[in-house]
There are 2 protein chains.
Amino acid sequence: MPYCQKRGCAVEISQRKKKILAAVVDAYIRTAEPVGSKAIAESTDLGCSSATIRNELAELTSLGYLEQPHTSAGRIPSPQGYRFYVNELMERQKVSLEEAEAINQRLNEKMEQLDKLMSDAGRLAGQLTGYPAVALAAPRAATVSRFDILYIDANTFIIVVLLSNNTVKNKLVHLPFSVEQGQMQKLAALFNAGFTGLTEENITPVLISATERAARDTMGLTSILAAFTIEALSECCAGEAFVTGESRLLRQPEFRDPEKAHRVMSYLSDSRHLMGLPGTEEDDRIRVIIGPENLAEELRDSSVVMASYDAGEGQRGLIGVVGPTRMDYSSVAAKLKYIADGLSRLLGSGEAPAGFGKMIVKGDSLNHEQ
Amino acid sequence: MPYCQKRGCAVEISQRKKKILAAVVDAYIRTAEPVGSKAIAESTDLGCSSATIRNELAELTSLGYLEQPHTSAGRIPSPQGYRFYVNELMERQKVSLEEAEAINQRLNEKMEQLDKLMSDAGRLAGQLTGYPAVALAAPRAATVSRFDILYIDANTFIIVVLLSNNTVKNKLVHLPFSVEQGQMQKLAALFNAGFTGLTEENITPVLISATERAARDTMGLTSILAAFTIEALSECCAGEAFVTGESRLLRQPEFRDPEKAHRVMSYLSDSRHLMGLPGTEEDDRIRVIIGPENLAEELRDSSVVMASYDAGEGQRGLIGVVGPTRMDYSSVAAKLKYIADGLSRLLGSGEAPAGFGKMIVKGDSLNHEQ
DNA sequence: TTTAGCACTCGGAAGATGAGAGTGCCAGCA
DNA sequence: TGCTGGCACTCTCATCTTCCGAGTGCTAAA
C-alpha cells in the first residue's frame, strides 16, 4: 500500500481506517481521555473485534495520525490526525435551529450600535462555543473625503472629518487665544481643497506648510488641523482587536496547569499579537490552525478556528476562537461560519439589506476634557 | 487588658503584638507560607525567644487576627488581621524614584490620546503591581450644549452633538430620500433652541412631536435626530469599565486551582459587575476591601485595592487591582495612589497644568458603514 | 514574665501496593 | 490473507503506609 506520510496527505488510507480515526477524534474531543480499541469496537458499527481495531490503531499510529501518551494507554489524535480529520473526515455540522435563531436575534439586536457589532460578534462566538474568542478588523487605507469646522466660540471649535470609509472623526479644540470665524472657514476650505483624497503618507510637511502660508496662519492652527487629520487616518487604518472570555480556557482540562493557561492567556490579552494573525484577505472560508501549525510559539498547543466576513467598504473582519487542540472543530466551525455569514449579510457591501434602507446610521463618541 | 474583639478595633494591643502581627503579615505576603514562631523571632529585633512569640501568637490567634491552617502549622493572617494591618500597621510605602519616573513617563506619553488614558491607566496599574486591574469612569449625567448638522448631500448628513461634559458625538446618516439643506438647518436651529440643557429624561415624546410639528417635518428626520441625541446622552452617562491582565491572577499560588481562578476571572470579565463596585464618590483616599468584606460572592477570597481620581468636569474615575487576600497592600496602595494623583493632576478640573495650555484636544472616532 | 525543654500533632513527601485498562503478539480459524 | 480470541505484559493512577520535621502547647525553672 503506497502511503505518503507527509503532513496528512495519505495517498491511500482504507475506508475502515478513516472510520476508526474519526471515531478516535470524536471520542477524544468528547472525553479528553485516550481512546482504547475496545471503546471504538463498541461505539462504531464496523463489524470487527477490538483486536482488529488494535492492529489498525497500530498502523494509524505508525502513520503519524495517532499518538500514545504511553504504552498501554489508549490513543489520542496527533496534530496531523486532527488536520486529516478537519480536511477530510469531519462532517460539516449545521447549527441547530435554536442556535441559528439565537444568533440572528443577537446580531439584529446589535444593529443599532454598529460600532459595537464587531466586538459583540466576538463575544457571541465565545459564548456559543465556550472558548475564548477574538474579533478583529483588518486594517485598510482611507482618505479624507470631507472636512468641517464647527465654530463654537472664539477659543473653541470642533473639527469633523469624514473619511472615505464613512468613518467620522471629531475633535474638540480649546485654544488659549482667539480666532475669528472667517479664519476658521478659510482654513476649512483650504483643507477641503487640498487634503481630500489623500492617504496618510500623502500629507507631507511641504503640503502643510504650503497650506499654512496660503491661509496666512501664524498661530499654528494649520498644524493642529493637519495633525488631527493624520491621526484620524492612522487610527482608522490601524485595525482593531478584541479578546473576550479568556477565562473560559480554564474550563478545559488541558489548561489545568496554570502555567500553561497563563502563557496562552497573556499572549491573547496583548492585542498586538492578534493583529499578526494570518491574513484575512483570504476567501470567506473557515480557517483552522492546529497546534504546532501556529506561528506563535505560545499557541503551539492550542488550536485556532477563524472565519472572516465582509464588513462593507471592502473591509474584512475576522472572528475566531482559541481552544485546546482537542477542540470540537466541526461545531465550532459551523457556528463561526454562521455568525460570519450573518455579519456579511448585515454589513456586506452588496445591496443594502431589506428593511434597512430607511436610514443607516453609525454613531461615535469620545470624552473630551476641558 | 480590655480588648474589643469586634472587626479589628482592638482597644488595647501591646506594641509587641503589633510588631509580631506585622511580621506575620509581611512574611506571609512574601512567601505565601504559614509563618512560625521561630522565623519571627529571627527576623525581628524584639529581643525575645520563640517561646515568647508563641505565646503572643496564641493570643493573637484567639483575638481573631491570625489563623492556623491546622495544628502544628504556622500562622496566617485572618481577614481581620489584614484589616488591622492595613489600617494601623502598614507602613505607607513610597514608590521608588524609578517607578515614579516610569509612571510619569507613561502617563505623559498618553496625554495625546486622552480617550485611551483611562484604560491605559488601568493597564499601567496592572503591569506595575502584577495583578489584574480594573479602570472605571463613574457615570454622570450630561446635557446637550450644542447641536450641529453637516449637510453632505441631499441624502447624507452628519449629526454632531457637543455635550456638557465636552464629549463630542457624531453620527453619519444616509437617507433613502432627499432633503433640502434649508430644512436641515431649520431642524438644527430648533434642536439648539429646544434640546440644549436637557438631560436624557427631559427629552420626552411630547417635546419631540412638538418639535416635529414646528419643523413641519413629515419625513421622520426629527425622530432620527432625537433618537441619536438620547443615545448620545445615555452612552455618555453609562460609565465605562475596563479590565486588563486577568491572567496575572494565575501567577498567584492561591489561584492555582483553575476552578477558583475561573470564578474570579469570569466575574471580572463581565464589566456589568464592575460598575457596581463601591461608589467612587468618596474622597480621594485609597480603599482596601479585604476578602470577605467584598459584597460580591465571587470576590470573597480576593482583595481589591482602589484609588479614585478627579477626571475633570466633576467626574471621578477609579483604578484598582484585584488579587489574593495575601496582597502586598502597602506597595499596591502606594502605586495606585501615585497613578491616581498623576491622573488627577493631568485631568483634574483645577487650573490647566503648565505646558498644557497651548491646546487641549480630544479626538473621537467611529466606523460608519454606508 | 520570659525561657528552655519536651512531648505531641499533623501535613506532606516518598515509597509500596494493587487494580484496571489497554496493548502487542501469537496461534488458530474462515 | 485477514480476522479473532486469548494471554502475558506494561504502565498509570489511586490508595495506603510510613516517616520526617516543622511547629505547637505546656510545664517548670530562671
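So you know, we letter chains A, B, ... as the sequences are listed, proteins then strands, and number each from 1.
Here A:Met90 contributes atom CE and A:Asp26 contributes atom CG; the two are 10.5 Å apart, rounded to the nearest 0.5 Å. Here the CD atom belonging to B:Glu254 is positioned 9.5 Å from the CG atom belonging to B:Asp301, to the nearest 0.5 angstrom. Note that OG of B:Ser247 and CE of A:Met265 are 5.0 Å apart. Values are rounded to the nearest 0.5 Å. Note: A:Gln15 CD to A:Ile20 CD1 = 11.5 Å, rounded to the nearest 0.5 Å. Note that CG of B:Leu250 is 12.0 Å distant from NZ of B:Lys260, once rounded to the nearest 0.5 Å. Note: A:Thr244 OG1 to A:Ile319 CD1 = 10.5 Å, rounded to the nearest 0.5 Å.
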Less than 3.5 Å apart, which donor and acceptor atoms pair up between the side chains of residues 34-43 of chain B and the rest of the protein, not counting sequence neighbours?
unit_1: B:Ser37; atom_1: OG; unit_2: B:Arg54; atom_2: NH1; d: 3.4
unit_1: B:Ser43; atom_1: OG; unit_2: B:Ala39; atom_2: O; d: 3.3
unit_1: B:Ser43; atom_1: OG; unit_2: B:Ile40; atom_2: O; d: 3.4

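Nucleic acid contact for B:Ala73: sugar-phosphate only, since backbone atoms but no base atoms lie under 4.0 Å from a heavy atom of the residue.
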#### Entry: Derivation and outcome, side-chain contact (heavy atoms from CB on, under 4.5 Å), residues B:Val264 and B:Phe255
CA-CA 9 Å; B:Val264 175; B:Phe255 291 97; 3.7 Å; yes

### Query
Does the pair A:Ser330 and A:Arg92 meet the rule for a side chain to side chain donor-acceptor pair (under 3.5 Å), with working shown?
CA-CA 6 Å; A:Ser330 72; A:Arg92 308 284 151 189; over 6 Å; no

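Ring pair B:His273/B:Tyr267 is parallel by interplanar angle, where below 30° counts as parallel and above 60° as perpendicular. Using the six-membered ring where Trp is involved, A:Tyr82 and A:Tyr28 have ring planes that are tilted, between 30° and 60° apart.
Look at CD on B:Glu56: it is 7 Å from P on C:dT2, rounded to the nearest Å. At whole-Å resolution of the value, CZ in B:Arg16 and C1' in C:dT3 are 12 Å apart. The CG-P distance, from A:Leu57 to C:dG24, rounds to 8 Å in whole Å. Straight-line distance from the CD atom of A:Glu67 to the C1' atom of C:dT23: 17 Å, rounded to whole Å. Atom CD1 of B:Ile53 is separated from atom C1' of C:dT3 by 12 Å (rounded to the nearest Å).
Distances from the side chain of B:Asn55 to the nucleotides C:dG5, C:dT3, C:dT23 place C:dT3 closest. Comparing C:dG24, C:dC6, C:dT3 by their closest approach to the side chain of B:Arg54 singles out C:dC6.
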Grab the N/O contacts between the protein and nucleotides 7-10 of chain C below 3.5 Å, and write none if there aren't any.
unit_1: C:dT9; atom_1: O2; unit_2: B:Ser72; atom_2: OG; d: 3.1

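Checked against side-chain hydrogen bond (donor to acceptor under 3.5 Å, both in side chains), A:Arg248 has no partners two or more places apart in sequence or in another chain.
For DNA chain D, the span of nucleotides reached by chain A at under 4.0 Å from its heavy atoms goes, 5' to 3', from D:dC3 to D:dT12.
Relative to the axis of its first five pairs, the axis of the last five pairs of the helix from C:dT1-D:dA30 to C:dA30-D:dT1 sits at 20°, rounded to 10 degrees.
A 4.5 Å side-chain heavy-atom check between A:Tyr329 and A:Val305 finds at least one atom pair inside the cut-off.
Checked by atom type and distance alone, the side chain of B:Arg326 pairs as donor or acceptor with a backbone atom of B:Ile29 at under 3.5 Å.
For B:Thr52, no side-chain nitrogen or oxygen approaches OP1 or OP2 of C:dT2 to under 4.0 Å.
Across residues 36-49 of chain B, B:Gly36, B:Ser37 each have a non-hydrogen atom less than 4.0 Å from an atom of DNA chain D (numbered order).
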